[in-house]
Each structure stands twice: as structure tokens, then as C-alpha cells.
Amino acid sequence: MASERKIAAPAPNPETEAFWDGAKSGKLLLKKCAACGAVHYYPRAICPFCFSDRTQWQEATGEGTIYSYSVMRRVPIPYAIAYVTLAEGISMMTNIVDCDLDRVRIGQKVKLVWKPSEGGPPVPMFTPIS
Amino acid sequence: MSIKGKAYVVGVYEHPTRKADDKSLAQLHAESAKGAIEDAGLSKSDIDAYFLAGEPPGLNSLSMADYMGLKLRHVDSTDTGGSSYILHVGHAAEAIAAGKCRIALITLAGRPRSEGMATGTTARAATSAPESQFEAPFGPATANMYAMCAMRHMYEYGTTSEQLAWIKVAASHHAQHNKNAMLREVVTVEDVLNSPLIADPLHRLDCCVISDGGGAIIVAAPEIARTLKRPRVAVIGHGEAPKGQMGGHVDLTYSGAVWSGPAAFAEAGVKPADIKYASIYDSFTITVLMQIEDLGFCEKGEGGKFVADGNLISGQGRLPFNTDGGGLCNNHPSNRGGLTKVIEAVRQLRGEAHPAVQVKNCNLALAHGTGGSLGTRHGAATLIMERE
Ligand SMILES: [Zn+2]
């Protein structure tokens with residue numbers, strides 16, 4: 001059931017430190033642009049749409065829908081990689097966890113869960129809402 | 001300025017090895033270069049430009065140029081993954097048209113098989129790339145990234161595993177005639193579906209081979225091509241386009257071919273229906289299907305129907321593709337299939353493909369590649385060539 005795959009620790013940099021600090025307190029932070037109003041992912045200092053530097057952190061609701069996924073079979077511990085489209089409209093790469101991997105489907109509603117990485121901040125994953 | 005008719009592919013060479021325990025990487029580049037130079041009927045001292053991507057070690061264009069003893073006035077190490085070498089032909093034509101060089105060499109080589117690389121299933125290690133910290137923790141490999149494209153395509157358009165399997169079946173029909181191909185056995189749709197799942201929904205036989213080897217291409221100015229004793233293959237159109245995650249507006253149903261294809265067709269002044277033979281990048285079966293749609297050979301979402309029932313098999317189908325067996329059966333040197341795509345298209349245009357797969361009156365061919373990953377960021381490159 002639950003993945004025991006070792007999660008490589010993400011390496012925060014000055015641009016992304018706030019995101020991983022948020023992760024440590026259970027907050028999934030997105031960047032929203034004060035100039036054009038668009039939310040983007042992964043988070044950048046400069047908006048990839050209008051190139052304004054007025055981007056601000058905002059907490060995501062943590063709810064989303066599976067856009068696509070694949071279960072990697074030919075590895076010691078199979079796992080489901082996915083893109084989840086968040087309620088905020090952007091899609092992020094993640095894993096679908098704490099569920100029967102054979103029952104993962106596109107369109108499934110999922111919610112945020114945090115999983116520990118090896119010596120780094122927790123990383124955002126998702127589990128189906130039953 | 002257009003490149004149409006301003007440059008010719010005058011030499012090609014596909015290294016015959018598929019497992020090169022006994023050769024170095026640089027040696028494979030040089031042997032490939034030697035083969036293409038001889039194919040053209042030129043000598044090394046004629047080369048004045050060199051194009052290669054990122055697979056050799058060091059400051060690669062400098063190291064390899066020095067290793068081969070090239071005297072150059074133009075170098076280009078653009079790396080867009082496996083599509084690089086298709087893009088390089090376009091860039092070489094641009095440089096020739098601009099008068100920066102007259103005879104350009106392009107090489108590719110790699111030894112992933114000898115090095116025991118599990119290309120498809122090994123998760124990408126973290127790097128300093130800006131996206132890496134938001135992807136590497138989740139285990140993106142090669143197979144599962146393309147698999148997510150296939151999964152979404154199936155969801156949106158009803159594409160089936162059987163339809164994808166037909167792409168492999170067609171490639172295997174061609175590979176049986178290629179004595180250097182890694183997989184020469186003709187397979188059926190059932191064989192593909194019964195092969196183990198690697199990353200849902202892709203089976204082992206949906207994936208390309210892992211091979212050592214390499215190849216080279218010589219692109220030359222028209223006045224050079226006219227002096228050589230080879231059939232003349234003109235570069236008449238080229239397009240390139242990177243595609244990524246678009247700030248989080250991820251759409252896995254199409255590739256950069258939707259931009260590179262129209263650019264190439266417009267420059268060439270031809271339509272998809274005019275193409276007699278197509279080399280279509282085939283890292284996975286889904287790669288082929290999406291690119292066929294995106295290049296305009298059929299409508300978006302109709303790719304499954306288009307590729308089914310042997311429609312890609314030379315001599316019986318609507319669009320003969322990858323008549324060397326492609327990456328799926330023949331060769332995917334260095335995990336990069338772009339260069340061999342150009343080579344087989346040139347063989348077809350010269351009438352030098354295997355007689356069993358040679359397309360009759362093949363005067364117009366396309367080579368298209370995807371480099372990087374369709375599931376994250378990739379470079380698309382389209383090349384259209386014409387036999388004079
Ligand atoms: Zn903006």
C-alpha cells in the first residue's frame with residue numbers, strides 16, 4: 001500500500017526556500033502574479049506569463065484532480081507518478097500514494113498529503129478522496 | 001531568408017555496431033564521421049563546420065574537433081536531446097546559406113548498452129535545473145513520462161493499446177530486412193500486449209531498444225553537391241520548437257511538432273499529403289502516434305485509427321515510416337534517435353533503402369524528432385528533404 005520508495009531530498013535555493021519552509025509547516029505554497037493575476041507552477045521569482053517580478057506566495061487549498069498518471073512497474077517498489085491539476089488551475093508533478101495503485105484513474109479527486117524525504121523537507125503528494 | 005534548396009545532405013553513415021564494448025565514445029564519433037565523409041566522396045580536410053550535441057565529454061565540440069583534427073570556421077553544440085541531429089541539419093543549412101561554411105559534419109555516438117544503462121526505468125537524478133527540485137522527488141524516468149502522455153491520450157481520444165501496438169508491428173516488419181537491427185523478429189499486436197508492463201500503459205515492446213553506436217551526416221552547399229557522385233538530396237524545409245509545462249498549464253496530448261511541422265512545411269512549400277516517406281521519432285509507440293497527429297498526417301485524436309492495421313508498413317500502408325526498423329527495432333544510439341531518422345530518410349530519397357522496404361518514386365521525405373521528454377520539456381525538430 002503505502003510507498004516505501006526512498007524520496008530524494010529536494011535542494012531548496014534562495015528562490016524556492018519559502019516553498020520548502022512552507023512544506024515543513026504543511027503548507028503547499030504557489031506563486032501568484034500581482035500584475036497579471038495568474039498562478040503558476042513550479043514557483044518562480046518572475047511570472048512566466050507576463051514576466052512581472054511582482055509574484056507572491058499563496059497557500060493552495062490542497063485539493064485537485066488527477067490529470068494523468070503512470071504506475072512504474074519494472075522497479076523494486078512500484079509507484080504512481082502523476083500530474084495533479086489543483087483547484088487553483090495549475091498542474092504539478094507528484095505521486096499518488098496511500099492507495100491501491102491499480103485503482104488510480106484520471107479524473108479522480110485527490111487531496112494533499114506530505115511525505116518525508118531523505119534528510120530534506122517533506123514533499124507534496126496526493127491521495128484519492130474516498 | 002529561406003534555406004530551401006540552399007544545402008544538400010551529401011553523406012550519411014550509420015555505424016553498424018549495436019554493442020561497442022571494445023570502442024571508446026570518441027572513437028565511435030570519429031568512425032561515424034569517417035563513414036559519412038567517405039559516403040559523400042569527400043575528405044576530412046573538406047569539413048569546415050561541425051555540429052554535435054551534448055553526449056561527448058568535456059567542452060564537447062572543442063574536444064571532438066581536436067580529437068578528429070578538424071580545422072573549422074563554424075561550430076554548433078546545440079543540444080535538444082534526441083532531436084538535436086535533425087535540428088543540426090537545419091542549422092547547418094542556415095549556416096551554409098549565410099556563407100559561414102560550405103561542408104558541415106554532424107555526429108552522434110553513445111554506449112548506453114555497454115554501460116548497462118536502464119534508460120527507461122531509472123528515475124532522473126536531481127540536478128541544478130530549476131524544475132528538478134519539483135520533479136526529482138517523484139521519480140520521473142523516461143518510460144513513465146511518456147506513459148503519462150499515452151494515458152492522457154487514451155483518456156481524451158479513446159486511443160487503445162492495440163492501436164499503439166500496431167506502430168511496433170510496422171517497425172518490426174521493416175526491421176526483419178535490416179541485418180544490423182537489434183530486433184529482427186516480426187511481432188504481432190498480441191506479442192506487444194503480452195509483453196510485460198513497464199509503466200502503465202506502455203509495455204516492453206512499446207519501448208525502443210537500448211543500443212550502442214552512432215552515425216554521421218554531411219551537409220554541403222549546392223556547388224559542392226553538384227560535384228559529388230551521389231543522388232542529390234536537398235534540404236527544403238526545417239522547423240524547430242521547444243515545448244514545456246507552460247507555467248503549470250500542462251497539456252500532454254500534443255508535442256512541439258504542432259509548431260515545428262507547419263514551419264517546415266511552409267518553408268518547403270509542401271503538404272503532409274505530399275510526403276512519400278516519414279522518419280518519425282519512436283522512443284515509444286506513443287511518441288510516433290502523437291507526432292503523426294501533430295505533423296498533420298491526420299486529425300488530432302485520430303492517430304490511433306491512422307496507425308492501425310498496418311498503415312505504417314512500407315508497400316501496404318498510407319504512410320511508410322521508419323523503414324530501417326527505427327528506434328523500436330533497429331537502433332537508438334546514445335538513447336538519441338534523431339540522427340538515424342535523417343539517415344533512413346536519405347536512404348529512401350536516394351533509392352538506397354532495402355529493396356523490400358524502398359518506397360517507389362520516393363522524392364519527398366520528412367524526418368521528425370522529439371528530444372528530452374514529451375512528459376515534461378522537449379525539443380521538436382522537423383526536416384523536409386527532396387530528391388532532385
Ligand atoms: Zn504575471
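Per chain, numbering begins at 1; letters A, B, ... match sequence-line order.
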(message) For A:Phe49 and B:His249, I'd like to know if the aromatic rings sit close, meaning centre-to-centre distance below 6.0 Å.
(response) yes
(message) To the nearest 0.5 Å, what is the distance between CD1 on A:Ile66 and CE on B:Met151?
(response) 10.0 Å
(request) Report the option among A:Pro43, A:Ala8, A:Gly89 that has the most heavy-atom pairs separated by less than 4.5 Å from atoms of chain B. (result) A:Pro43
(request) Assess the side chains of A:Tyr41 and B:Gln245: does a donor N or O sit below 3.5 Å from an acceptor N or O? (result) no
(message) I need the contact set between residues 285-303 of chain B and chain A: heavy-atom distance under 4.5 Å, sorted by residue number.
(response) none
(message) What part of A:Arg44 gets within 4.5 angstrom of chain B, counting heavy atoms only: side chain, backbone, both, or neither?
(response) side chain
(request) Can you tell which part of B:Thr253 gets under 4.5 Å to a heavy atom of chain A, answering side chain, backbone, both or neither? (result) both
(message) Within a 6.0 Å radius of atom CD on B:Glu185, are there more than 12 heavy atoms belonging to other residues, nucleotides or ligands?
(response) no
(request) Rounded to the nearest 0.5 Å, what's the gap from CD1 on A:Ile106 to CE on B:Met148? Could you check? (result) 10.0 Å
(request) Nearest 0.5 Å please: distance from the CE atom of B:Met154 over to the OG atom of A:Ser68. (result) 10.5 Å
(request) Enter the distance from B:Met145:CE to A:Ser70:OG here, rounded to the nearest 0.5 Å. (result) 8.0 Å
(message) With a 4.5 angstrom heavy-atom cut-off, is it the side chain or the backbone of A:Ser117 that approaches chain B, or both, or neither?
(response) neither
(request) Please determine, among B:Pro137, B:Ala118, B:Gly120, B:Pro130, the option with the most heavy-atom pairs under 4.5 Å with chain A. (result) B:Pro137
(request) Locate the shortest heavy-atom distance separating A:Ile81 from B:Asn144; write the atom from each residue and the value. (result) CG2-ND2, 3.7 Å
(message) For the OH atom of A:Tyr42 and the CD atom of B:Glu135, what is their distance to the nearest 0.5 Å?
(response) 8.0 Å
(request) May I ask you to test the B:Gln133-A:Asn13 pair for a side-chain heavy-atom distance under 4.5 Å? (result) yes
(message) Minimum heavy-atom separation for B:Ala141 and A:Met72, please, with both atom names.
(response) CB-CE, 3.5 Å
(request) Starting at CG of B:Asp251, measure out to OH of A:Tyr67 and round the result to the nearest 0.5 Å. (result) 4.0 Å
(request) Determine whether more than 12 heavy atoms belonging to other residues, nucleotides or ligands lie under 6.0 Å from atom NZ of A:Lys109. (result) no
(request) Compare all side-chain heavy atoms of B:Phe134 with those of A:Met92 and state whether any distance is below 4.5 angstrom. (result) no
(request) Would you please indicate if the ring centroids of B:Phe138 and A:Tyr79 are separated by under 6.0 Å? (result) no
(message) Quick check: under 4.5 Å, non-hydrogen atoms only, which of residues 191-209 of chain B neighbour chain A?
(response) B:Pro196, B:Leu197, B:Ile198, B:Ala199, B:Asp200, B:Arg204
(message) Out of A:Leu86, A:Val71, A:Ile90, return the one with the most heavy atom pairs under 4.5 angstrom to chain B.
(response) A:Val71
(request) Can you tell which part of B:Thr122 gets under 4.5 Å to a heavy atom of chain A, answering side chain, backbone, both or neither? (result) neither
(request) Locate the shortest heavy-atom distance separating B:Gly247 from A:Pro48; write the atom from each residue and the value. (result) CA-CG, 4.2 Å
